[in-house]
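So you know, we letter chains A, B, ... as the sequences are listed, proteins then strands, and number each from 1. This is a predicted model, so every value here is computed, not measured.
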Amino acid sequence: MTDQGSQTNATAPQRFRLPLSWLGVAPFFIFALMFLILPTFRLIVGAFENPEGHFTLENIQALAQPSIVSAYVISLKVSIASALLGAFAGFALATAIVRGGLPEWVRASTLTFSGVSSNFAGVPLAFAFLATLGRLGLVTVLLNNWVGFNIYAVGFNLLSFWGLTITYLYFQIPLMVLIITPALDGLKREWGEAAATLGASNWQYWRMVLIPVLWPSFLGTVILLFANAFGAIATAYALTGSSLNIVPILLYAQIRGDVLHNPNLGYALAMGMIFITGASNLAYLWFRTRSERWLK
Amino acid sequence: MGETFLSIENVTKSFAQTTVVRNVDIAIDKGEFVSFLGPSGCGKTTTLRMVAGFENPTAGRIVIDGKDVTDLKPNQRNIGMVFQSYALFPNMTVAQNIAFGLKVAGASSADIAARVKEMLGIIKLPDHGGRYPFQLSGGQQQRVALARALAVKPSVLLLDEPLSALDAKIRISLRAEIRAIQRELGITTIYVTHDQEEALSMSDRIVVMNEGRVEQIGTPVEIYNQPRTRFVASFVGTLTILAAKAVDAAKGTMSLDGQKIRAGKPFPASASKNISVALRPEAIALGKGDDNANRLTVKVVNVNFLGSIVRVKVRSGAQDISLDMFNQSTTAPPKVGEQVTVNFNPDDLVVLDGQPQA
Amino acid sequence: MRGKAWAWITFALGCTYFFVPLIGTIEFSMRMKRGEYSFEAYRVVFGDERFQATFGYSILIAALTIAVGILIVVPTAYWIRLRLPNLRPVVEFITLLPLIIPAIVIVFGYLRMYNSSSWIPFTATRRGTDILLMFGYVTLALPYMYRAVDTGLRTIDVQTLTEAAQILGAKWPTIIARVILPNVLIAVLSGAFLTFAIVIGEFTMASLLDRPAFGPYLQNIGANRAYEPAALAIIAFFITWGCMAVIQVLSRYAPKSASRPN
């Protein structure tokens, strides 16, 4: 087509011609370079530089110090726990609305609500959980008044690993529902019928067909949820302040006040985050391609 | 006829307010290939699904090989089923799909391998065992689905519009292939289709269904040449349906727009003199025909060239009749507006049940 | 009752988890006056000058984000469909990057690249920082905006519409403004409301760029007040809910993929 023509013309010796069709996407690429790619690239380069601008691996090695390692560990724990719990709960909910024979309004309202709550993150979400499960929250108070059960006396704390995980589930579960519902819709009724006529029990059908078919979508979504939780900061920061030492909060503190006393170590910290979310997204894409191939 | 192997006995199926299958009563012999033919919503698929066990009859019973299976679950009936959408398991290779039923039944891996190899040979895809369904064409997928259904040696094979999703060419070749495999294995088969050509070309017998009822059961030749009802006549093949007035039912004579004709055999006398008769386009010829033939003087209103045949529309009174003639260089088709004589054999004139519609 | 028991139980459990925090927050937000339920917290919030100022600021930034986002995304998506389909994977990959790179990392990059001693000192002035924040939000919204517009373009036959307009003598600005945009308007609006929902309470970028936006205000109230945060959470929930409701309503008016030759 025309763009190929202009591409070859631009390199041809006879006469310089501006490749006009590229002009149409130039603003986008300039924007992407300036506000997405170069800033990220700058950090990655910075991660391999010492303050004098020379190449070094010291920053990467410095990530191994205990305070940073523990931040990564807590971050990974919260992200993995909220991704797995969110995935299983979301899967159960999606299965209920797709295959449970519930009325249509249940499905429609669940999907609409999922759209809302998957976007209801950040600071207000933390407020909602503080008002519910905080020391003076409704559930805490009611449990104490009605059944005399003080959840804080048995070691629960909203400003902790489990508190953060339960809070994250509020956007993780709906996200799972939104992503996995189309995959469940893609399961054909005829597969079940074919399996039944071939003598398979319901459990054999799940074990040999449904679970293997859904596995890539499921795993892919778990990874997506993981990355989603790993990069989140606003909810955690509003909920726990800086009392819970997760990577984004550490990075936030580093950006504000260089708490690590080494700007380049901050770059390495950021690069570690990109590495983890990037790798998990690649894995997600790989799984998605697999499941799309099957569910065509 | 042989002994009955599968019988559908007075089966009725109602959903909430509507009854979709009414008193269907069909007896199928061992090894017979029976098609359920009818428009969508006629109850043919529901009947098939009751045989498979996916739906429970509201009344009546289903017996396979002397055993009442009405209350059995699908996975206890030992039937094979092929679906319009192929329904191959996407996560399994062709070989694994074919092996599924055997594996579920707990067959040894040696037996499974041998049977899979045999089935791949039967469907003429010996080298495709390692492929995944998404790597196959529609026709290949449907052959694999057939092999999967047959691998467990089911007592009955059910096919639900298996060719509807395929291209016309593959449809025709697969028709012959399915029929050949069915004959070779001698398996009792029910084939659901809305395509009359499929039903006519493949079946031992055809069950024509409409609005939940059986309209007629018969061999393809019977269904085509002696449609018993107006519905069968109009649904199967091209047919001209004409209104006539009975003259003498016992002699089979009648009057068509004032011209006297007769049917090959007597027809039941009814209260009304108004009757419906049907004629196939290919049964009518130009000219006077032999002494025995019915003759009509008609006016040519349209000549339509269709390649190998020429379809001529002629008018008798206010009724149009279609007739087909071969495209031959020796006989030129008539001209529009011409007055001609056409003839047809009395045996080709079918007197239909029921009143002609206004 | 229709449906299987386990499905109803699962649904009920889901409802419990999702509604209890909402109920808890509503209840908490009304406890401000001792001994009675009142809307006092809401009155205080709405009467707070900083609420009005930061909310107004965030709406303004959101509006600018949407405008700039549309200007960048619509022509690009259109041009990719029409002339440069080969570039499609590249552009799609770039639009997905903001989902991979956490916002905190992106803004960290901005602070290093555009500080007062750099070649483009965005952060040297307040106005410059506002613009930088706006571009940051365009970046965050990019995946959603691009996908909404691209889906909208897929349902109309871009090529034929463009050629038809050209034959009738239309020039490029006319084609985009009068032919393409109206046809993808619903998709663009959906993307716009989603962008609004994301941007209005955004905390990380606004906080690190030190702008007086709604997100940092929320965080500040949360750290210093008791009942107002709950009221703000309910307000924020209804803003999100409103945006999603608008998107749902809009989707009913979206052109269904009409007869297309493939």
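In this pair, A/F91 and A/W206 present their aromatic rings perpendicular. The plane angle is above 60°, beyond the 30 to 60° band.
The greatest number of non-hydrogen atom pairs below 4.5 Å with chain A, out of C/P229, C/C243, C/P102, is found for C/P229. Of the listed residues (A/R99, A/R256, A/R42, A/Q254), the greatest number of heavy-atom pairs within a distance under 4.5 Å of chain C belongs to A/R256. For the set A/I37, A/N119, A/I276, the entry with the most heavy-atom pairs within less than 4.5 Å of chain C is A/N119. Here A/L169 is the residue among A/L169, A/L285, A/I97 with the most heavy-atom pairs under 4.5 Å with chain C. Of the residues considered (C/V138, C/I104, C/I72), C/I104 shows the highest number of contacts with chain A, using heavy-atom pairs under 4.5 Å. Per-residue heavy-atom pair counts under 4.5 Å with chain C were compared for A/L136, A/T110, A/L130, and the maximum is reached by A/L136. Of the listed residues (A/P124, A/A131, A/A227), the one with the most heavy-atom contacts under 4.5 Å to chain C is A/A131. Listed options A/L251, A/L269, A/V141, A/L282 were ranked by heavy-atom pairs under 4.5 angstrom with chain C; first place goes to A/L251.
For C/L142, the part lying under 4.5 angstrom from a heavy atom of chain A is the side chain only. Looking at C/I120, the atoms closer than 4.5 Å to chain A (heavy atoms on both sides) all sit in the side chain, from C-beta outward. Only the side chain of C/V90 has a heavy atom closer than 4.5 Å to any heavy atom of chain A. With a 4.5 angstrom heavy-atom cutoff, A/V123 touches chain C only via side-chain atoms. Contacts between C/A223 and chain A at a heavy-atom distance below 4.5 Å are absent for every atom of the residue. With a threshold of 4.5 angstrom between heavy atoms, C/Y114 approaches chain A through side-chain atoms but not through N, CA, C or O. Looking at A/L93, both its backbone and its side chain come within 4.5 Å of chain C, counting heavy atoms on both sides. Residue A/M34 touches chain C through both its backbone and its side chain, counting heavy-atom pairs closer than 4.5 Å. Heavy atoms closer than 4.5 Å to chain A are found nowhere in C/F238, neither backbone nor side chain. For chain A, the nearby part of C/L111 is the side chain; its heavy atoms alone come within less than 4.5 Å. Neither the backbone nor the side chain of C/I26 comes within contact range of chain A; no heavy atom of the residue lies under 4.5 Å from a heavy atom of that chain. Using a 4.5 Å cut-off between heavy atoms, A/F31 touches chain C through its side chain atoms alone. Contact of C/E27 with chain A is made through the side chain alone, with heavy-atom distances under 4.5 Å. Heavy atoms closer than 4.5 Å to chain A are found in the backbone of C/L99, but not in its side chain. Using a 4.5 Å cut-off between heavy atoms, C/S207 touches chain A through backbone and side chain atoms alike. Both the backbone and the side chain of C/V91 come within contact range of chain A, judged by heavy atoms closer than 4.5 Å. Looking at A/V25, the atoms closer than 4.5 Å to chain C (heavy atoms on both sides) sit in the backbone and in the side chain alike.
At a cut-off of 3.5 Å, with distance as the only test, a side-chain donor of C/Y78 or C/T162 sits close to an acceptor on the other residue. Judged purely by distance below 3.5 Å, without hydrogens or angles, the side chains of C/T76 and C/Y146 never pair a donor atom with an acceptor atom. A donor-acceptor contact closer than 3.5 angstrom is absent between the side chains of A/Y284 and A/T289.
Shown here for C/A230 and C/F28, the closest heavy-atom pair between the two residues is CB-CD2, 3.9 Å.
A donor-acceptor pair under 3.5 Å links the side-chain atoms of A/T140 to the main chain of A/G134, judged by distance alone. In this structure, the side chain of C/T54 does not engage the main chain of C/Y217 through any donor-acceptor pair within 3.5 Å. Looking at C/E202, its side chain does come within 3.5 Å of a backbone N or O of C/M205 through a donor-acceptor pair. Counting only distance, with no hydrogens or angles, the side chain of C/Y17 and the backbone of A/Y170 share a donor-acceptor pair below 3.5 Å. Panel note: side chain A/N59, backbone A/A268; no donor-acceptor pair is recorded below 3.5 Å.
In this structure, the ring of A/Y252 has its center less than 6.0 angstrom from the ring center of C/F203. Taking the centre of each ring, C/F108 and A/Y267 come in below the 6.0 Å mark.
In this structure, the separation between CG on A/L224 and CE on A/M176 is 10.0 Å, given to the nearest 0.5 Å.
Tested against A/T167, the residues A/T132, A/L133, A/T240, A/T235 include a single side-chain contact (heavy atoms from CB on, under 4.5 Å) partner, A/T235.
At most 12 heavy atoms of other shown residues, nucleotides or ligands fall within 6.0 angstrom of atom CZ in C/F193.
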